[in-house]
Number of protein chains: 2
Amino acid sequence: MSNKITVQKLAGFRDYFAEDVKIREYVINTFKKVFEKYGYEPLETPALENSNIFVGELGDEAEKLFYRFRDQGGRDIMLKYDVMTSMCRAVAENYNKIIFPYKRYQIQSVWRSEKPQKGRFREFTQCDADTVGSADVACDAEFIQMGIEALSNLGFSNFRANINNRKIMNGIIQYAGAKSSDFVAICISVDKLPKIGKDGVKKELIEKRKISSEVADKILEVFSLTGNTEELLKQFKNKLKNIPVALEGINEMELIFNYFKTVQLDQKYYQFAPFIARGLAYYTGPVWEFEILEGGVGSVAGCGRYDDIIGKFMGTKIPATGGSFGIERLVEVVKSRAMYQAKSNFSQVLVTIFNKELFDESLKIADFLRKNNIKTTLYPVILDKLDKQLKYANKKGIPYVIIIGPEEVEKKIVKLKNMKTGDQKEYEMSYLLKFLISN
Amino acid sequence: MSNKITVQKLAGFRDYFAEDVKIREYVINTFKKVFEKYGYEPLETPALENSNIFVGELGDEAEKLFYRFRDQGGRDIMLKYDVMTSMCRAVAENYNKIIFPYKRYQIQSVWRSEKPQKGRFREFTQCDADTVGSADVACDAEFIQMGIEALSNLGFSNFRANINNRKIMNGIIQYAGAKSSDFVAICISVDKLPKIGKDGVKKELIEKRKISSEVADKILEVFSLTGNTEELLKQFKNKLKNIPVALEGINEMELIFNYFKTVQLDQKYYQFAPFIARGLAYYTGPVWEFEILEGGVGSVAGCGRYDDIIGKFMGTKIPATGGSFGIERLVEVVKSRAMYQAKSNFSQVLVTIFNKELFDESLKIADFLRKNNIKTTLYPVILDKLDKQLKYANKKGIPYVIIIGPEEVEKKIVKLKNMKTGDQKEYEMSYLLKFLISN
């Protein structure tokens with residue numbers, strides 16, 4: 001054909017074929033089930049939003065990634081950059097309709113014009129849950145419990161929630177005598193402690209962040225404290241005993257860890273991680289991430305309390321907390337570690353077509369099986385040779401094939417071929433059904 | 001707050017809150033289950049595509065509705081206008097990876113810059129299933145059977161598939177001596193037969209379509225034939241016996257109706273409807289729609305065979321058939337007729353917080369219930385009064401509330417309040433669980 005269209009998907013975007021859709025569904029449904037068990041309800045917001053809800057809110061780096069344009073009516077619109085901001089808009093716009101505290105989850109696509117690179121895509125799924133309208137850190141603790149349950153249900157065992165509190169960070173900066181305007185810069189450097197060590201961080205604080213040597217030493221003095229979660233909190237409490245904001249943060253942490261004890265959460269799943277900084281732009285209290293500890297996976301969720309954001313949309317302060325799971329990352333690991341078998345979702349049996357005259361016999365069997373809830377493919381090309389049909393089953397991984405020729409019709413049976421073993425057996429219809437149900 | 005952001009979703013877009021999400025999920029999952037039972041596998045394609053796959057393919061009217069813009073790299077891109085075209089692109093691009101015949105379903109959002117009006121939205125869901133790579137009309141018949149099964153499973157009983165074949169239409173035009181270039185114009189007028197009657201159609205054919213009176217009469221002569229599906233087909237066969245393309249179309253119809261007899265499909269669910277035109281732009285053989293017969297709902301799916309489209313992307317001809325269900329329309333009807341109760345998906349019980357000191361007792365009970373898979377909301381604000389917590393349960397439609405005060409803690413029981421009847425009963429924990437599981 002001469003006018004063939006040159007076809008290509010856009011760079012940084014993906015087509016998901018059957019197996020990939022099923023693995024994604026498995027991961028997403030695992031989260032949905034857990035969220036709903038904890039009383040979170042679903043919300044969906046549009047893909048397109050007025051740009052004004054995102055512009056000026058997320059920082060210059062984020063704005064470079066916006067898919068922003070004018071629609072045919074000249075409106076300044078853009079594809080959703082994140083689900084949280086879109087949720088804030090929906091909450092503000094539906095304030096009188098929503099029953100607060102509002103616990104919602106939201107699993108939807110967002111779009112970012114990222115440089116395409118391995119594992120970075122321009123369309124990806126965010127999986128968020130949030131409680132809006134409660135200042136209690138019990139809601140933060142509940143989220144962490146939920147996250148641990150969801151990751152366990154997905155089949156992970158070696159992972160951990162790293163929990164910190166922005167108020168403790170603020171306290172450390174006061175303790176060390178640093179300027180509060182250096183908060184973000186200091187956090188970014190301290191966040192590198194596990195990677196570059198104390199000396200590296202000190203060097204960076206002094207040379208790059210222009211912090212005095214004395215202040216840097218006092219900061220690192222706090223971060224030299226060690227021990228398990230309980231011991232470490234005690235030491236922080238002692239060291240920062242004259243800094244009210246730090247004590248407030250430590251008290252919130254104690255409430256969270258007390259929650260975990262009450263629900264008997266295994267201690268291996270969480271720790272007080274004072275160097276964790278996470279998305280400092282808008283967090284106000286507890287912050288945490290979930291980290292898969294094996295195989296270099298790293299963080300799979302960024303979360304925290306953000307008591308000041310929704311107010312920007314509302315003109316009235318509404319506390320909120322929650323977080324976002326990186327579905328793509330988790331799907332990738334679930335797939336590469338074969339933690340889920342998608343194959344079982346596809347047809348259990350292929351009914352072949354012997355010839356044109358016997359099509360009705362094959363159709364009857366396919367219909368009988370479907371009416372009994374067996375996932376059944378009726379081979380879709382009537383004149384293809386049997387050999388081609390068997391190859392089709394094989395390539396598609398369909399485990400059983402039914403053959404019905406003139407002999408079988410006469411004997412009122414079907415031939416069932418096991419594609420793995422090559423075994424063929426003859427079955428009367430009701431036995432065929434019994435066999436397929438139990439295999 | 002002075003710098004409150006003015007928030008508004010874009011006109012023609014919707015937020016879906018809990019109940020609406022759940023009704024949509026119910027409708028979508030009903031289709032998914034049926035498609036998978038028939039051997040169709042899921043596919044998902046990106047929201048954004050290069051504009052070249054849509055431009056010039058769907059007609060000027062469609063192009064006016066494109067969300068088309070340039071990305072930061074200057075690429076001419078657009079939001080997916082329909083899932084079928086995007087599927088054709090994905091099939092062409094992954095030709096060597098796909099096992100043909102390829103049976104896929106695809107349930108995703110598409111975007112059209114429509115004038116906002118009642119029931120018309122700029123972001124909506126298409127629910128497609130197609131068989132790619134088989135010219136056999138058995139695949140068309142299978143789709144119709146699937147559609148009937150899905151609509152039945154949704155709870156509809158009074159609906160019908162109206163089936164026609166473009167080849168018969170072509171044959172009628174030959175029979176009447178009309179120009180083949182008038183095909184679309186004639187179809188559009190004939191499509192109005194049920195609405196404006198024979199005289200109305202004749203007037204339109206002559207005055208608007210500039211068809212001669214003799215040709216119009218011969219066309220209407222064919223459309224005057226009456227009878228049930230079987231009788232009507234016989235009469236068409238007789239009337240058009242010298243027109244090979246019409247006989248080919250009639251033969252295809254007979255194969256489809258024979259398929260229905262073989263699977264014992266109730267005749268009330270389908271009819272030969274010769275005046276049906278449907279999306280003439282690309283259909284090549286059978287065309288059909290599903291019509292809900294009560295309550296002025298009308299057509300809820302547009303479908304047909306399109307043997308020439310994928311070739312445009314491939315440079316080689318690939319036959320295909322399938323169709324698209326209008327999920328929004330169906331959701332609207334399911335909701336307005338209360339055909340699905342979304343409420344059962346939300347929390348069964350609210351655990352209240354008596355006071356700060358007893359928070360742990362409430363948390364323990366909530367945790368116990370969740371660990372036994374009871375959907376449980378733990379009230380999220382520790383200091384709210386009990387009265388406010390009960391109102392919360394009431395507004396959210398949570399059927400049971402648990403109260404645990406000092407007396408209950410001492411007696412090792414909980415108080416369970418039925419929010420519908422107002423009844424309160426005391427339960428020991430294991431009995432509480434038994435009661436909630438069975439209620």
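Chain letters run A, B, ... following the sequence lines, proteins first, then strands; residues in each count from 1. Quick caveat: nothing in here was measured; it's all calculated off a predicted structure.
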Using a cut-off of under 4.5 Å for heavy-atom pairs, which of A:E36, A:R75, A:K395 has the most such pairs with chain B? A:E36
Contact part of A:N258 toward chain B, heavy-atom cut-off under 4.5 Å: side chain, backbone, both or neither? side chain
When rounded to the nearest 0.5 Å, the distance separating CD1 of A:I310 from CG of A:D130 is 7.5 Å
Tell me, for A:E49 versus chain B, whether the close heavy atoms (under 4.5 Å) come from the side chain, the backbone, both or neither. both
Is it the backbone or the side chain of A:R70 that comes under 4.5 Å from a heavy atom of chain B, or both, or neither? neither
Taking only residues two or more places apart in sequence or in another chain, which ones pass ring-ring contact (aromatic ring centres under 6.0 Å, His included) with A:Y392? A:Y379
What part of B:Y40 is in contact with chain A, defined as an atom under 4.5 angstrom from a non-hydrogen atom: side chain, backbone, both or neither? neither
Count the heavy-atom pairs under 4.5 Å between each of A:E44, A:K375, A:E41 and chain B, then report the option with the highest count. A:E44
Exam field: side chain B:E19 to backbone B:K343, donor-acceptor pair closer than 3.5 Å: no
ring-ring contact (aromatic ring centres under 6.0 Å, His included) against A:F66, all qualifying residues, sequence neighbours excluded: A:Y81
What orientation do A:W111 and B:W111 show, parallel under 30°, tilted 30 to 60°, or perpendicular over 60°? perpendicular
Verdict with reasoning, B:K364 to B:D360, per salt bridge (Lys or Arg N to Asp or Glu O under 4.0 Å): CA-CA 6 Å; B:K364 272 184 213 162; B:D360 276 7; over 6 Å; no
Do you know which of A:A138, A:C139, A:S113, A:A47 has the most heavy-atom pairs under 4.5 Å to chain B? A:A47
Most heavy-atom pairs under 4.5 Å with chain A, out of B:I398, B:I382, B:N373, belong to B:I382
Structural part of A:T377 lying under 4.5 Å from a heavy atom of chain B: both
Whatever's closer than 4.5 Å to a heavy atom in chain B on A:N94 counts as side chain
Please flag which part of A:K32 lies under 4.5 Å from any non-hydrogen atom of chain B: side chain, backbone, both or neither. side chain
Of all of A:L350, A:L383, A:T376, A:T45, which one pairs up most often with chain B through heavy atoms under 4.5 Å apart? A:T376
With only heavy atoms counted, which part of A:E149 is less than 4.5 Å from chain B, the side chain, the backbone, both or neither? neither
Nearest non-hydrogen partners of A:I374 and A:V349, listed with the distance: CG2-CG1, 3.9 Å
Turns out that what part of A:E25 lies under 4.5 Å from chain B's heavy atoms comes down to side chain
Donor-acceptor pair, side chain of B:S109 and main chain of B:E123, under 3.5 angstrom: no
Indicate, with yes or no, if the rings of B:F143 and B:Y38 have centres closer together than 6.0 Å. no
Under 3.5 Å: donor-acceptor pair, side chain of B:R122, backbone of B:E114: yes
Working note: B:D136 + B:T131, criterion side-chain contact (heavy atoms from CB on, under 4.5 Å); need CA distance, chi angles, decisive distance, verdict. CA-CA 10 Å; B:D136 288 331; B:T131 299; over 6 Å; no
Proximity breakdown for A:Q348 and chain B, heavy-atom pairs closer than 4.5 Å: neither
In short, A:V381 meets B:G133 closest at the heavy-atom pair CG2-O, 3.8 Å
So which residue, B:N345, B:L369, B:L43, ends up with the most heavy-atom pairs under 4.5 Å with chain A? B:L43
Contact origin within B:S347 toward chain A - heavy atom pairs under 4.5 Å: side chain
Under a 4.5 Å heavy-atom cut-off, does chain A meet the side chain of B:L79, its backbone, both or neither? side chain
Per-residue contact mode, A:K64 against chain B (heavy atom under 4.5 angstrom): backbone
Which atoms of A:I77 approach chain B - backbone, side chain, both or neither, heavy atom under 4.5 Å: side chain
At a heavy-atom distance under 4.5 Å, which candidate from A:R89, A:K396, A:R68 has the highest pair count against chain B? A:R89
Quick one: do B:D20 and B:R24 satisfy salt bridge (Lys or Arg N to Asp or Glu O under 4.0 Å)? Show the steps, please. CA-CA 6 Å; B:D20 286 328; B:R24 286 168 61 81; over 6 Å; no
A:T125 and A:I107 have their tightest heavy-atom pair at CG2-CG2, 3.7 Å
Contacting region of B:F359 [heavy-atom separation from chain A under 4.5 Å]: side chain
What part of A:F368 gets within 4.5 angstrom of chain B, counting heavy atoms only: side chain, backbone, both, or neither? neither
Please identify, among B:G39, B:P101, B:A135, B:A92, the residue contributing the most non-hydrogen atom pairs under 4.5 Å to chain A. B:P101
Under 4.5 Å, counting heavy-atom pairs only, tell me which of A:F100, A:F346, A:Y259, A:Y105 racks up the most with chain B. A:Y259
Residue A:Q8 excluded, over 12 heavy atoms near CD under 6.0 Å: no
For B:F69 and A:Y67, take the angle between the two ring planes, folded into 0 to 90°, and tell me which bin it lands in: parallel under 30, tilted 30 to 60, perpendicular over 60. perpendicular
Cut-off 4.5 Å, heavy atoms of chain B, and the answer for A:R14 is backbone
Please flag which part of A:R104 lies under 4.5 Å from any non-hydrogen atom of chain B: side chain, backbone, both or neither. neither
